[in-house]
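Just so it is clear, the structure is predicted and the values come from calculations on it, not from any experiment. Residue numbering restarts at 1 for every chain, and letters A, B, ... go by the order of the sequence lines.
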Number of protein chains: 2
Amino acid sequence: MPQRKLDRSLIRDLSIFRSMTDEDLDAVLSTASARQVADGKTVFEQGQTATEFFALLHGRLKVVQTTVDGQQVVVRHVSPGDIFGIARAMRRTDFPATAIAVVDSLMLAWPSSQWESFIARSPVLAMNALQTVGQRLQDAHTRIRELSTEEVERRVAHALLRLVQQAGRKTDEGILIDFPITRQDIAEMTGTTLHTVSRVMTGWEAKGLVASARKKVLVKDAHKLHVLAEKPE
Amino acid sequence: MPQRKLDRSLIRDLSIFRSMTDEDLDAVLSTASARQVADGKTVFEQGQTATEFFALLHGRLKVVQTTVDGQQVVVRHVSPGDIFGIARAMRRTDFPATAIAVVDSLMLAWPSSQWESFIARSPVLAMNALQTVGQRLQDAHTRIRELSTEEVERRVAHALLRLVQQAGRKTDEGILIDFPITRQDIAEMTGTTLHTVSRVMTGWEAKGLVASARKKVLVKDAHKLHVLAEKPE
DNA sequence: ACCTGAGTTTGCCTTTTCGCAAAAACCGTC
DNA sequence: GACGGTTTTTGCGAAAAGGCAAACTCAGGT
């Protein structure tokens, strides 16, 4: 792979590196390497030793956990600017999940061993990382609350609204989720089955809330979807 | 409240303060104050401004989130040695949940504003904190996976086994969960209703897996419970 | 233009879990 | 030692969601 010179601007705007000096940014970049991952390929797999951590520059990934009996759960989606695979920073030796590109993606990779020296060099990075992980923890609690207290339809509505936030692209028809996503994926995000997701969304389609095609979801009326997500009925 | 002199030994063994120097520990302690909270009282409430963070010395707390329509979800239980209420470290201004003592409890409290200076003084603390939050994130993902893929009985079994880990006390009859806990609590930990928990546990009682009384749970056969928790049937 | 396979929809029946209601058991206390 | 408020159990019917099976749709390759 040809090793182009990496530029500071690549990582300056990542929240985790925010308010680091140019000097520190250069130091961070000096141990980074770029990597391209094609649609459908994995960046790392559940159980592998965590030898690297990453930042996504372009594209989109999904992070999934597989249960012993083969069921899958989508842990989260990774958007450009996010860091991921930081298992080692939490003192795990292996990755607890698998990261799969859902479109062709470009990322930076660092050796896990670099983490400690980064922190030592710039303590603000530690606090940024803590915030990042803290945000994920809160997102996880939100999902636990939804799974515990809401019925399927509201959970799917919430999941869709979250996707709109993370990957919505305005079009004249409504807001398009900007990467390919299947009913199965949505089911794995909400703890239900693709059949039930299909039934729910067919119902919404009839009401004009969404439109969908194979691997595409278009939210036509985010407001009504929001009402539906909040109303306990 | 009489302000006894606080001793290093109080916090030396907390995982978050691990491998800090005596000097740093003293500095940390100098801004701490002790607080006693009676059974049933709250330490802080969801939505309040997070002016302090805490470490539990004695007792036990539950952390609960309340939904808009009044349903409750138990986020986690706090055991002696845990820190909690670190919303501010994740750059939240308010507490996302309520902490309630389930037995009379004793804790240390620090002003939230101290967090930054602690980190500055001892970067290892930042890494410890990151690990702590990372562990919680993984626990949360475990719960999401269970809520998404397991039926009620297995979820309750997992929850009980987790309680055994966190608060189990060996007796000659089996392992006793060492604080008062109701069916309602267990329901709020597993995303079900107290009725269903009661039915499940009555069934187990008949099989000799557990014994229970009002607000008490005794696990008589942890091994069988474990098998039940893992077997998809 | 036709095949092929992945993705989606749908009908029907079963199972799980809930909700409601009432009774029963238990603890602290007056 | 009776009383009152929690906590727990249990029965019964209802609702939500799942599982199975089959048909359908559509994009992409040959």
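As a whole-Å value, the separation of Leu147(A) CG from dA16(D) C1' is 15 Å. At whole-Å resolution of the value, CG in Asp185(A) and C1' in dT8(C) are 13 Å apart. In this entry the distance linking CZ of Arg155(B) with C1' of dT16(C) reads 11 Å, nearest Å. In this structure, Lys215(B) atom NZ and dG5(D) atom P are separated by 16 Å, rounded to whole Å. Here the P atom of nucleotide dA6(C) and the CD atom of Gln184(A) are 13 Å apart, to the nearest Å. Regarding Glu205(B), its CD atom lies at a distance of 11 Å from the C1' atom of dT9(D), rounded to whole Å. With rounding to whole Å, Glu153(A) atom CD is found 16 Å from dA15(D) atom P. For the pair Lys216(A) NZ and dC26(D) C1', the computed distance is 12 Å after rounding to whole Å.
Of the listed nucleotides (dA21(C), dG5(C), dG11(D)), dA21(C) has the atom at the smallest distance from the side chain of His195(B). Picking from dT8(C), dT8(D), dT17(C) the nucleotide with the shortest atom distance to the side chain of Thr182(A) gives dT8(C). Minimum atom distance to the side chain of Ser198(B) is reached by dT9(D), of the listed dT8(C), dT9(D), dG19(D). Residue Glu151(A) has its side chain nearest to dA16(D) when only dT8(D), dC12(C), dA16(D) are considered. Comparing dG7(C), dA17(D), dT17(C) by their nearest atom to the side chain of Thr196(B) picks out dT17(C). Counting only heavy atoms from C-beta on, Thr192(A) has its side chain closest to dA17(D) among dG11(D), dA17(D), dT7(D). Each of dT8(D), dG18(D), dC18(C) was ranked by its minimum atom distance to the side chain of Thr193(A); first place goes to dG18(D).
A 4.5 Å side-chain heavy-atom check between Thr192(B) and Val197(B) finds at least one atom pair inside the cut-off. Using a 4.5 Å heavy-atom cutoff, the side chains of Phe84(B) and Met107(B) are in contact. By the 4.5 Å heavy-atom criterion applied to side chains, Arg143(B) and Arg162(B) are counted as neighbours.
The phosphate of dT8(C) (OP1 or OP2) has no side-chain N or O of Ser212(A) nearer than 4.0 angstrom. Contact annotation: Arg183(B) reaches the phosphate of dT9(D) (side-chain N/O to OP1 or OP2, under 4.0 Å).
Residue Arg214(A) places no side-chain atom within donor-acceptor reach of the base of dG28(D), judged by atom type and a 3.5 Å distance cut-off alone.
Using modelled atom types and a 3.5 Å distance limit, the side chains of Ser212(B) and Arg183(B) yield a donor-acceptor pair. Under the 3.5 Å distance criterion, with hydrogens and angles disregarded, a donor-acceptor pair is assigned to the side chains of Arg92(B) and Gln138(A).
Atom CD of Gln165(A) has 12 or fewer heavy atoms from other residues, nucleotides or ligands within 6.0 Å.
Within 4.0 Å (heavy atoms only), Gly191(B) reaches sugar-phosphate atoms of the nucleic acid but no base atom. Backbone-only contact: Thr202(A) has heavy atoms under 4.0 Å from sugar-phosphate atoms and none from a base.
Mapping Met201(B) and Glu150(A) onto DNA chain D via the closest heavy atom, the residue that lands nearer the 5' end is Met201(B).
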